[in-house]
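The sequence lines fix the lettering, A, B, ..., with proteins before strands; numbering per chain opens at 1.
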Protein chains: 2
Amino acid sequence: MTASDSGELDFWSFVELANRRLAREYGFRHQLATELLLTLNRASTIVTYDLEASVHRPRGLSWSGFRLLFVTWLAGPLEAKKAAELTGMSRAAVSNLAKTLVSGGLLSRDPAAGDGRSVLLSLTDTGHQEMVDVFRAHNEREHEWAGALTPEEQRILIMLLDKLVTHRDQFDVRGRN
Amino acid sequence: MTASDSGELDFWSFVELANRRLAREYGFRHQLATELLLTLNRASTIVTYDLEASVHRPRGLSWSGFRLLFVTWLAGPLEAKKAAELTGMSRAAVSNLAKTLVSGGLLSRDPAAGDGRSVLLSLTDTGHQEMVDVFRAHNEREHEWAGALTPEEQRILIMLLDKLVTHRDQFDVRGRN
DNA sequence: CCACGGTAGTTAACGCCTGTACTAGTTTCA
DNA sequence: TGAAACTAGTACAGGCGTTAACTACCGTGG
(Lines give C-alpha, C1' and ligand atoms only; values in the text may rest on other atoms or scores of the structure.)
Protein backbone atom coordinates (compact mmCIF):
# COMPACT_ATOMS: atom_id res chain seq x y z
CA MET A 1 0.00 0.00 0.00
CA THR A 2 1.47 3.27 -1.12
CA ALA A 3 1.15 6.64 0.50
CA SER A 4 -1.30 7.90 -2.06
CA ASP A 5 -3.43 4.77 -1.87
CA SER A 6 -3.81 5.39 1.82
CA GLY A 7 -5.02 8.91 1.25
CA GLU A 8 -2.02 10.79 2.61
CA LEU A 9 -1.12 12.84 -0.39
CA ASP A 10 1.94 15.04 -0.15
CA PHE A 11 4.58 16.66 -2.31
CA TRP A 12 6.46 13.43 -2.76
CA SER A 13 3.70 10.87 -3.08
CA PHE A 14 1.82 13.01 -5.58
CA VAL A 15 4.14 11.58 -8.21
CA GLU A 16 2.44 8.20 -7.89
CA LEU A 17 -1.05 9.60 -8.17
CA ALA A 18 -0.17 11.70 -11.16
CA ASN A 19 1.36 8.78 -12.94
CA ARG A 20 -1.55 6.48 -12.32
CA ARG A 21 -4.13 8.94 -13.58
CA LEU A 22 -2.14 10.04 -16.60
CA ALA A 23 -1.70 6.48 -17.74
CA ARG A 24 -5.03 4.90 -16.76
CA GLU A 25 -7.44 7.71 -17.38
CA TYR A 26 -5.79 9.71 -20.10
CA GLY A 27 -3.70 7.05 -21.79
CA PHE A 28 -0.51 9.06 -22.03
CA ARG A 29 2.15 6.79 -23.37
CA HIS A 30 5.38 7.79 -21.74
CA GLN A 31 4.54 7.05 -18.17
CA LEU A 32 7.99 6.10 -17.03
CA ALA A 33 9.43 9.30 -18.49
CA THR A 34 6.95 11.39 -16.52
CA GLU A 35 7.73 9.54 -13.35
CA LEU A 36 11.43 9.96 -13.91
CA LEU A 37 11.40 13.69 -14.53
CA LEU A 38 8.85 14.46 -11.87
CA THR A 39 10.93 12.50 -9.40
CA LEU A 40 14.12 14.21 -10.48
CA ASN A 41 12.63 17.64 -10.21
CA ARG A 42 11.06 17.05 -6.83
CA ALA A 43 14.08 15.39 -5.30
CA SER A 44 16.22 18.31 -6.37
CA THR A 45 13.71 20.82 -4.98
CA ILE A 46 13.58 19.10 -1.61
CA VAL A 47 17.33 18.84 -1.18
CA THR A 48 17.99 22.36 -2.40
CA TYR A 49 15.33 23.88 -0.20
CA ASP A 50 16.81 22.14 2.81
CA LEU A 51 20.36 23.29 2.07
CA GLU A 52 19.23 26.85 1.54
CA ALA A 53 17.07 26.91 4.66
CA SER A 54 19.45 25.13 6.99
CA VAL A 55 22.84 26.37 5.79
CA HIS A 56 22.67 29.51 3.70
CA ARG A 57 19.75 31.68 4.83
CA PRO A 58 20.84 31.57 8.46
CA ARG A 59 24.16 33.05 7.32
CA GLY A 60 22.54 35.74 5.25
CA LEU A 61 23.20 34.18 1.85
CA SER A 62 20.57 33.38 -0.73
CA TRP A 63 20.92 30.18 -2.71
CA SER A 64 21.88 32.21 -5.77
CA GLY A 65 24.33 34.29 -3.83
CA PHE A 66 25.98 31.12 -2.65
CA ARG A 67 26.12 29.75 -6.17
CA LEU A 68 27.78 32.86 -7.53
CA LEU A 69 30.34 32.96 -4.75
CA PHE A 70 30.91 29.25 -5.13
CA VAL A 71 31.85 29.38 -8.81
CA THR A 72 33.92 32.49 -8.25
CA TRP A 73 35.74 30.75 -5.45
CA LEU A 74 36.55 27.59 -7.38
CA ALA A 75 36.87 28.79 -10.94
CA GLY A 76 39.10 31.68 -10.00
CA PRO A 77 38.59 35.30 -11.02
CA LEU A 78 35.95 35.14 -13.71
CA GLU A 79 34.43 37.41 -16.27
CA ALA A 80 30.78 38.06 -15.44
CA LYS A 81 29.83 36.32 -18.66
CA LYS A 82 31.55 33.14 -17.60
CA ALA A 83 30.08 33.34 -14.12
CA ALA A 84 26.63 33.47 -15.66
CA GLU A 85 27.40 30.40 -17.69
CA LEU A 86 28.76 28.44 -14.74
CA THR A 87 25.94 29.34 -12.37
CA GLY A 88 23.20 28.90 -14.96
CA MET A 89 21.94 32.45 -14.46
CA SER A 90 21.43 35.18 -17.02
CA ARG A 91 24.07 37.89 -17.34
CA ALA A 92 21.59 40.34 -15.90
CA ALA A 93 21.10 38.19 -12.83
CA VAL A 94 24.83 38.03 -12.24
CA SER A 95 25.08 41.77 -12.64
CA ASN A 96 22.38 42.38 -10.03
CA LEU A 97 23.59 39.79 -7.61
CA ALA A 98 27.18 41.01 -7.90
CA LYS A 99 26.02 44.47 -6.86
CA THR A 100 24.62 43.04 -3.63
CA LEU A 101 27.62 40.87 -2.90
CA VAL A 102 30.10 43.65 -3.64
CA SER A 103 28.33 45.98 -1.25
CA GLY A 104 28.33 43.14 1.30
CA GLY A 105 32.11 43.03 0.99
CA LEU A 106 32.28 39.43 -0.22
CA LEU A 107 32.92 40.02 -3.89
CA SER A 108 35.21 42.26 -5.85
CA ARG A 109 34.43 43.63 -9.30
CA ASP A 110 37.35 44.99 -11.32
CA PRO A 111 37.82 45.97 -14.94
CA ALA A 112 39.38 43.16 -16.94
CA ALA A 113 42.95 43.66 -18.10
CA GLY A 114 42.70 42.96 -21.79
CA ASP A 115 39.13 43.89 -22.61
CA GLY A 116 37.50 47.17 -21.72
CA ARG A 117 34.02 45.70 -21.85
CA SER A 118 34.60 42.93 -19.34
CA VAL A 119 34.70 42.92 -15.58
CA LEU A 120 36.49 40.36 -13.48
CA LEU A 121 34.74 38.95 -10.45
CA SER A 122 36.83 37.63 -7.60
CA LEU A 123 36.37 36.95 -3.91
CA THR A 124 37.59 39.43 -1.35
CA ASP A 125 39.58 37.99 1.53
CA THR A 126 36.44 38.16 3.63
CA GLY A 127 34.53 36.42 0.87
CA HIS A 128 37.10 33.68 0.65
CA GLN A 129 37.09 33.13 4.38
CA GLU A 130 33.31 33.11 4.36
CA MET A 131 33.14 30.51 1.60
CA VAL A 132 35.52 28.14 3.32
CA ASP A 133 33.37 28.50 6.42
CA VAL A 134 29.99 28.21 4.78
CA PHE A 135 31.07 25.31 2.67
CA ARG A 136 32.12 23.38 5.72
CA ALA A 137 28.53 23.45 6.95
CA HIS A 138 27.22 22.88 3.45
CA ASN A 139 29.40 19.84 2.98
CA GLU A 140 28.35 18.32 6.30
CA ARG A 141 24.73 18.73 5.34
CA GLU A 142 25.37 17.19 1.93
CA HIS A 143 26.98 14.28 3.66
CA GLU A 144 23.88 13.69 5.75
CA TRP A 145 21.76 13.63 2.62
CA ALA A 146 24.10 11.40 0.67
CA GLY A 147 24.18 9.02 3.62
CA ALA A 148 20.85 7.67 2.42
CA LEU A 149 22.76 5.81 -0.26
CA THR A 150 25.81 3.59 -0.22
CA PRO A 151 28.85 5.02 -2.00
CA GLU A 152 28.24 2.53 -4.78
CA GLU A 153 24.66 3.72 -5.17
CA GLN A 154 25.84 7.31 -5.16
CA ARG A 155 28.21 6.58 -7.99
CA ILE A 156 25.49 4.88 -9.99
CA LEU A 157 23.15 7.81 -9.44
CA ILE A 158 25.79 10.28 -10.60
CA MET A 159 26.54 8.13 -13.61
CA LEU A 160 22.88 7.90 -14.61
CA LEU A 161 22.30 11.64 -14.21
CA ASP A 162 25.39 12.27 -16.25
CA LYS A 163 24.14 9.99 -18.97
CA LEU A 164 20.75 11.69 -18.94
CA VAL A 165 22.19 15.15 -19.33
CA THR A 166 24.97 14.31 -21.73
CA HIS A 167 22.46 12.83 -24.12
CA ARG A 168 21.10 16.31 -24.72
CA ASP A 169 23.52 16.78 -27.60
CA GLN A 170 21.30 14.29 -29.44
CA PHE A 171 18.39 16.67 -29.73
CA ASP A 172 17.68 20.35 -29.76
CA VAL A 173 17.68 21.38 -26.13
CA ARG A 174 16.66 24.84 -25.03
CA GLY A 175 19.32 26.26 -22.78
CA ARG A 176 20.14 29.86 -22.14
CA ASN A 177 21.35 31.72 -25.25
CA MET B 1 40.73 13.65 -20.56
CA THR B 2 37.73 15.41 -19.17
CA ALA B 3 36.04 18.55 -20.39
CA SER B 4 37.47 20.70 -17.64
CA ASP B 5 40.96 19.31 -18.11
CA SER B 6 40.79 20.43 -21.68
CA GLY B 7 39.86 23.93 -20.66
CA GLU B 8 36.27 23.99 -21.86
CA LEU B 9 34.50 24.82 -18.68
CA ASP B 10 30.72 24.97 -18.76
CA PHE B 11 27.70 24.60 -16.50
CA TRP B 12 27.93 20.85 -16.53
CA SER B 13 31.65 20.22 -16.44
CA PHE B 14 32.13 22.71 -13.62
CA VAL B 15 31.09 19.93 -11.26
CA GLU B 16 34.35 18.12 -11.93
CA LEU B 17 36.51 21.15 -11.37
CA ALA B 18 34.72 22.05 -8.16
CA ASN B 19 35.12 18.57 -6.82
CA ARG B 20 38.78 18.36 -7.61
CA ARG B 21 39.65 21.64 -5.98
CA LEU B 22 37.50 21.10 -2.91
CA ALA B 23 39.14 17.77 -2.24
CA ARG B 24 42.73 18.41 -3.26
CA GLU B 25 43.22 22.00 -2.22
CA TYR B 26 40.84 22.41 0.65
CA GLY B 27 40.62 18.86 1.96
CA PHE B 28 36.86 18.72 2.31
CA ARG B 29 35.93 15.22 3.24
CA HIS B 30 32.63 14.45 1.64
CA GLN B 31 33.61 14.74 -1.96
CA LEU B 32 31.20 12.19 -3.33
CA ALA B 33 28.31 13.87 -1.54
CA THR B 34 29.16 17.20 -3.15
CA GLU B 35 29.41 15.63 -6.55
CA LEU B 36 26.11 13.87 -6.07
CA LEU B 37 24.11 16.89 -4.99
CA LEU B 38 25.71 19.25 -7.46
CA THR B 39 24.95 16.79 -10.22
CA LEU B 40 21.39 16.31 -9.06
CA ASN B 41 20.74 20.01 -8.85
CA ARG B 42 22.26 20.78 -12.23
CA ALA B 43 20.59 17.92 -14.05
CA SER B 44 17.23 19.05 -12.71
CA THR B 45 17.90 22.65 -13.69
CA ILE B 46 18.83 21.73 -17.24
CA VAL B 47 15.83 19.51 -17.84
CA THR B 48 13.38 21.90 -16.23
CA TYR B 49 14.70 24.88 -18.14
CA ASP B 50 14.30 22.99 -21.38
CA LEU B 51 10.75 21.91 -20.64
CA GLU B 52 9.75 25.40 -19.65
CA ALA B 53 11.40 27.01 -22.65
CA SER B 54 10.31 24.52 -25.26
CA VAL B 55 6.84 23.54 -24.04
CA HIS B 56 5.33 25.98 -21.58
CA ARG B 57 6.53 29.50 -22.32
CA PRO B 58 5.54 29.25 -25.99
CA ARG B 59 2.00 28.50 -24.79
CA GLY B 60 1.96 31.37 -22.35
CA LEU B 61 2.39 29.32 -19.20
CA SER B 62 5.13 29.79 -16.63
CA TRP B 63 6.67 26.69 -15.09
CA SER B 64 4.87 27.50 -11.84
CA GLY B 65 1.61 28.08 -13.60
CA PHE B 66 1.93 24.70 -15.21
CA ARG B 67 2.69 23.07 -11.88
CA LEU B 68 -0.34 24.55 -10.22
CA LEU B 69 -2.65 23.58 -13.06
CA PHE B 70 -1.06 20.14 -13.15
CA VAL B 71 -1.78 19.28 -9.52
CA THR B 72 -5.25 20.78 -9.77
CA TRP B 73 -5.91 18.69 -12.83
CA LEU B 74 -4.78 15.40 -11.34
CA ALA B 75 -5.57 15.76 -7.67
CA GLY B 76 -9.06 17.05 -8.31
CA PRO B 77 -10.58 20.19 -6.86
CA LEU B 78 -8.20 21.19 -4.13
CA GLU B 79 -8.08 23.60 -1.25
CA ALA B 80 -5.43 26.23 -1.86
CA LYS B 81 -3.55 24.92 1.16
CA LYS B 82 -3.30 21.46 -0.35
CA ALA B 83 -2.31 22.87 -3.73
CA ALA B 84 0.56 24.68 -2.04
CA GLU B 85 1.68 21.46 -0.42
CA LEU B 86 1.51 19.47 -3.65
CA THR B 87 3.28 22.05 -5.78
CA GLY B 88 5.89 22.86 -3.16
CA MET B 89 5.01 26.56 -3.19
CA SER B 90 4.04 28.78 -0.30
CA ARG B 91 0.37 29.53 0.26
CA ALA B 92 1.03 33.09 -0.77
CA ALA B 93 2.49 31.96 -4.07
CA VAL B 94 -0.57 29.85 -4.82
CA SER B 95 -2.81 32.75 -3.95
CA ASN B 96 -0.98 35.07 -6.37
CA LEU B 97 -0.67 32.58 -9.15
CA ALA B 98 -4.30 31.57 -8.85
CA LYS B 99 -5.28 35.20 -9.41
CA THR B 100 -3.44 35.18 -12.72
CA LEU B 101 -4.79 31.82 -13.83
CA VAL B 102 -8.36 32.67 -12.85
CA SER B 103 -8.25 35.86 -14.86
CA GLY B 104 -6.80 33.83 -17.73
CA GLY B 105 -9.87 31.62 -17.60
CA LEU B 106 -8.00 28.41 -16.83
CA LEU B 107 -8.71 28.08 -13.15
CA SER B 108 -11.79 28.44 -11.03
CA ARG B 109 -11.76 29.58 -7.40
CA ASP B 110 -14.89 28.82 -5.36
CA PRO B 111 -15.70 28.93 -1.68
CA ALA B 112 -15.36 25.50 -0.09
CA ALA B 113 -18.55 23.80 1.00
CA GLY B 114 -17.78 22.89 4.59
CA ASP B 115 -15.32 25.56 5.66
CA GLY B 116 -15.87 29.26 5.18
CA ARG B 117 -12.17 30.00 5.25
CA SER B 118 -11.20 27.65 2.45
CA VAL B 119 -11.25 28.07 -1.26
CA LEU B 120 -11.53 25.24 -3.73
CA LEU B 121 -9.40 25.40 -6.85
CA SER B 122 -10.52 23.51 -9.92
CA LEU B 123 -9.90 23.65 -13.64
CA THR B 124 -12.37 25.33 -15.91
CA ASP B 125 -13.36 23.42 -19.03
CA THR B 126 -10.90 25.52 -20.95
CA GLY B 127 -8.24 24.80 -18.36
CA HIS B 128 -8.88 21.09 -18.56
CA GLN B 129 -8.71 21.10 -22.33
CA GLU B 130 -5.53 23.15 -22.18
CA MET B 131 -3.86 20.77 -19.74
CA VAL B 132 -4.62 17.72 -21.84
CA ASP B 133 -3.15 19.57 -24.78
CA VAL B 134 -0.11 20.99 -23.06
CA PHE B 135 0.67 17.75 -21.38
CA ARG B 136 0.75 15.94 -24.67
CA ALA B 137 3.66 18.13 -25.76
CA HIS B 138 5.21 17.97 -22.30
CA ASN B 139 5.07 14.20 -22.29
CA GLU B 140 6.65 13.91 -25.71
CA ARG B 141 9.50 16.10 -24.58
CA GLU B 142 9.93 14.09 -21.40
CA HIS B 143 10.12 11.01 -23.54
CA GLU B 144 12.96 12.49 -25.56
CA TRP B 145 14.89 13.22 -22.39
CA ALA B 146 14.23 9.85 -20.82
CA GLY B 147 15.37 8.20 -24.03
CA ALA B 148 18.93 8.77 -22.88
CA LEU B 149 18.46 5.86 -20.52
CA THR B 150 17.14 2.35 -20.95
CA PRO B 151 13.87 1.63 -19.11
CA GLU B 152 15.85 -0.42 -16.64
CA GLU B 153 18.20 2.49 -15.97
CA GLN B 154 15.24 4.81 -15.61
CA ARG B 155 13.76 2.56 -12.97
CA ILE B 156 17.04 2.41 -11.09
CA LEU B 157 17.36 6.18 -11.19
CA ILE B 158 13.84 6.61 -9.84
CA MET B 159 14.51 4.08 -7.15
CA LEU B 160 17.72 5.79 -6.04
CA LEU B 161 16.13 9.23 -5.96
CA ASP B 162 13.28 7.80 -3.98
CA LYS B 163 15.68 6.27 -1.50
CA LEU B 164 17.57 9.55 -1.21
CA VAL B 165 14.47 11.57 -0.46
CA THR B 166 12.71 9.05 1.73
CA HIS B 167 15.71 8.91 4.02
CA ARG B 168 14.96 12.46 5.08
CA ASP B 169 12.78 11.17 7.91
CA GLN B 170 16.06 10.11 9.52
CA PHE B 171 17.18 13.65 10.20
CA ASP B 172 15.75 17.07 10.70
CA VAL B 173 15.06 18.37 7.21
CA ARG B 174 13.96 21.91 6.60
CA GLY B 175 10.87 21.90 4.44
CA ARG B 176 8.19 24.52 4.23
CA ASN B 177 6.30 25.03 7.51
C1' DC C 1 41.14 54.79 -40.32
C1' DC C 2 36.63 54.46 -39.60
C1' DA C 3 31.90 52.45 -40.09
C1' DC C 4 29.89 48.31 -39.02
C1' DG C 5 28.52 44.04 -36.76
C1' DG C 6 29.25 41.64 -32.69
C1' DT C 7 29.96 41.33 -27.63
C1' DA C 8 29.99 42.52 -22.26
C1' DG C 9 27.61 44.59 -18.96
C1' DT C 10 23.93 47.30 -17.06
C1' DT C 11 19.32 49.10 -16.67
C1' DA C 12 14.27 48.87 -16.82
C1' DA C 13 9.85 46.69 -16.62
C1' DC C 14 7.70 43.00 -15.07
C1' DG C 15 6.58 38.36 -12.95
C1' DC C 16 7.08 35.05 -9.30
C1' DC C 17 8.35 33.62 -4.60
C1' DT C 18 9.32 34.42 0.19
C1' DG C 19 8.25 35.70 4.94
C1' DT C 20 5.33 38.56 7.76
C1' DA C 21 1.28 40.64 9.28
C1' DC C 22 -3.49 40.83 8.95
C1' DT C 23 -8.57 39.35 8.43
C1' DA C 24 -11.98 36.22 8.95
C1' DG C 25 -13.87 31.82 10.07
C1' DT C 26 -13.42 27.48 13.12
C1' DT C 27 -12.56 24.71 17.11
C1' DT C 28 -11.85 23.94 21.85
C1' DC C 29 -13.01 23.84 26.43
C1' DA C 30 -13.95 26.01 30.93
C1' DT D 1 -21.81 30.20 25.43
C1' DG D 2 -18.01 32.96 24.91
C1' DA D 3 -12.91 33.75 24.99
C1' DA D 4 -8.74 31.96 23.39
C1' DA D 5 -6.13 29.31 20.22
C1' DC D 6 -5.80 27.92 15.78
C1' DT D 7 -6.26 27.80 10.70
C1' DA D 8 -7.05 29.43 5.63
C1' DG D 9 -6.33 32.82 2.62
C1' DT D 10 -4.60 37.35 1.19
C1' DA D 11 -1.92 41.94 1.07
C1' DC D 12 2.42 43.80 1.36
C1' DA D 13 7.40 44.61 1.16
C1' DG D 14 11.53 42.88 -0.41
C1' DG D 15 14.56 39.80 -3.06
C1' DC D 16 15.64 37.66 -7.15
C1' DG D 17 14.67 35.99 -11.80
C1' DT D 18 13.57 36.88 -16.67
C1' DT D 19 13.75 39.40 -21.41
C1' DA D 20 14.51 43.47 -24.07
C1' DA D 21 16.67 47.69 -24.89
C1' DC D 22 20.63 50.42 -24.31
C1' DT D 23 25.66 51.84 -23.71
C1' DA D 24 30.33 51.15 -24.27
C1' DC D 25 33.84 48.76 -26.31
C1' DC D 26 36.17 45.53 -29.65
C1' DG D 27 37.58 43.72 -34.14
C1' DT D 28 37.31 43.55 -39.05
C1' DG D 29 37.46 44.89 -43.84
C1' DG D 30 36.47 48.33 -47.27
ask   = What is the distance, rounded to the nearest whole Å, between atom NZ of A/K81 and atom P of D/dC25?
value = 19 Å
note = Whole-Å distance, A/R117 CZ to C/dT11 C1', equals 19 Å
message = For a quick test of reading the model: is some side-chain N or O of A/S62 closer than 4.0 Å to OP1 or OP2 of D/dC16?
response = yes
ask   = Does B/S64 make a side-chain N or O approach to OP1 or OP2 of C/dC17 shorter than 4.0 Å?
value = yes
key: Candidate nucleotides D/dC26, C/dG25, C/dC16, ranked by approach to the side chain of B/L97 - the nearest   = C/dC16
request  = Ignoring backbone atoms, test whether B/K99 places a side-chain nitrogen or oxygen under 4.0 Å from the OP1 or OP2 oxygen of D/dG9.
outcome  = no
task = Indicate, with yes or no, if the rings of A/W63 and A/F70 have centres closer together than 6.0 Å.
result = no
inquiry  = If you assign each of A/E79 and A/R57 to its closest nucleotide in DNA chain C, which residue comes earlier from the 5' end?
reply    = A/E79
message = Less than 6.0 angstrom separating the ring centers of B/F66 and B/W73, yes or no?
response = no
query = Is the NZ or CZ atom of A/R42 both under 6.0 Å from the centre of the six-membered ring of A/F11 and within 45° of that ring's axis?
reply = yes
message = We want to know whether A/D110 and A/S108 form a side-chain donor-acceptor pair, criterion being a heavy-atom distance below 3.5 angstrom.
response = yes
query = What nucleotide, of C/dG19, C/dA8, D/dC16, holds the atom closest to the side chain of A/S118?
reply = C/dA8
inquiry  = By nearest heavy atom, map A/G65 and A/D115 onto DNA chain D; which one lands nearer the 5' end?
reply    = A/G65
ask   = Does A/L61 or A/G116 map to a spot on DNA chain D nearer the 5' end, using the closest nucleotide for each?
value = A/L61
query = What is the distance, rounded to the nearest whole Å, between atom CG of B/L101 and atom C1' of C/dC16?
reply = 12 Å
request  = Give one of base, sugar-phosphate or nothing for B/A93, where a contact means two heavy atoms less than 4.0 Å apart.
outcome  = base
message = What's B/R109 touching, base or sugar-phosphate or nothing? Going by heavy atoms closer than 4.0 Å.
response = sugar-phosphate
request  = Report yes if at least one side-chain N or O of A/S90 is closer than 4.0 Å to OP1 or OP2 of D/dT18; otherwise report no.
outcome  = yes
message = In this structure, how many angstroms lie between the C1' atom of D/dG14 and the CG atom of B/N96, rounded?
response = 13 Å
message = With hydrogens left out and only the distance checked, is there a donor-acceptor pair under 3.5 Å joining A/R91's side chain and the base of C/dG9?
response = yes
key: salt_bridge(B/R29, A/E140) N-O dist < 4.0 Å   = yes
request  = Please check if the side chain of A/T166 supplies one atom and the backbone of A/K163 the other of a donor-acceptor pair under 3.5 Å.
outcome  = no
task = Check the distance between D/dG9's C1' and B/K82's NZ and give it to me in whole angstrom.
result = 17 Å
ask   = Heavy atoms under 4.0 Å, any strand shown: does B/A92 hit a base, just sugar-phosphate, or nothing?
value = base
query = Once you round it to whole Å, what is the distance between P of D/dC16 and NE2 of A/H56?
reply = 14 Å
task = Grab the CE-P distance between A/M89 and C/dC16 for me, whole Å please.
result = 20 Å
Nucleotide D/dG9, atom P - distance to CG of B/D110 in whole Å = 13 Å
